[in-house]
Amino acid sequence: MSKRGMTAALEAATERELNTFYELVKIQVGAKTYRISNAPYDVTIEGGGAYNSFGQLISFTDFEENSTLEIQKLRITISGILISGETSITPVDDFLNTDYTHAPVEINRAYTNDDGVIGILELYKGYIQSASMNVDSTDTCSVVIDV
């Protein structure tokens, strides 16, 4: 992990054995931008907007930084999306009715403390290769995005 451009507080946070951090996922589909987080609360970052809490309902496959020219692939799963009624995160229509292929995806890590966000590290940038949806009998679905 490069320390270039890190604030002193963020550098100290990344070196501690115990940290509190959450991933922030930004997905642009068509004209809409979805900002979601695995934090248990909504996270707002300076200059980056607000990320809606999806807590444990968002997951990722493992990815790691390496020095090869290999393109890292990643799978993002967003579950618990209501497909009837009002909700602030409604990507279902966009994935059904919009060409999402090659839509940009960014994943950042927000280090936090009791006062809020200490700093942000960029973890991953890529483009959607494919997506699928699974709907269950309770009118909720999960979206699986391969990046």
Between [X] and [Y], which heavy-atom pair has the shortest distance, and what is it?
X: Asn108; Y: Glu122; result: OD1-CA, 3.0 Å
X: Glu23; Y: Asn38; result: N-OD1, 2.7 Å
X: Gln28; Y: Ala103; result: O-CB, 2.8 Å

* For side chain to side chain contact (heavy atoms under 4.5 Å, CB included), just list the numbers for Lys73 and Asp146, CA-CA rounded to whole Å, side-chain angles, deciding distance to a tenth of an Å, and then say yes or no. => CA-CA 7 Å; Lys73 294 183 181 180; Asp146 290 318; over 6 Å; no
Could you state the interatomic distance from [atom1] ([X]) to [atom2] ([Y]), rounded to the nearest 0.5 Å?
X: Gln129; Y: Leu74; atom1: CD; atom2: CG; answer: 10.5 Å
X: Ile27; Y: Ile36; atom1: CD1; atom2: CD1; answer: 5.0 Å
X: Phe21; Y: Ile118; atom1: CZ; atom2: CD1; answer: 12.0 Å

* Is the closest side-chain heavy-atom distance between Tyr124 and Val147 below 4.5 Å? ->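 The answer is yes; the side chains approach within 4.5 Å.
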* Should Arg75 and Val144 count as side-chain neighbours, where that means a heavy-atom distance under 4.5 Å? ->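 With C-beta onward as the side chain, the pair touches.
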* Sidechain-backbone polar pair: Ser37 side chain, Ser53 backbone, donor-acceptor under 3.5 Å ->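 No, because the side chain of Ser37 does not come within donor-acceptor range (under 3.5 Å) of the backbone of Ser53.
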* To do: Linking directly or through intermediates, with side-chain heavy atoms under 4.5 Å: list the remaining ILVMFWY members grouped with Tyr22, chain and number order.
  => Leu24, Tyr41, Val43, Ile45, Tyr51, Val117, Ile120
* Take Ile107 and Ile76 through the side chain to side chain contact (heavy atoms under 4.5 Å, CB included) test and state the conclusion after the steps. => CA-CA 10 Å; Ile107 300 174; Ile76 303 168; 4.1 Å; yes
* Asked: Sequence neighbours excluded, which residues qualify as side-chain hydrogen bond (donor to acceptor under 3.5 Å, both in side chains) partners of Thr44?
  ->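 side-chain hydrogen bond (donor to acceptor under 3.5 Å, both in side chains) list for Thr44, sorted by chain: empty.
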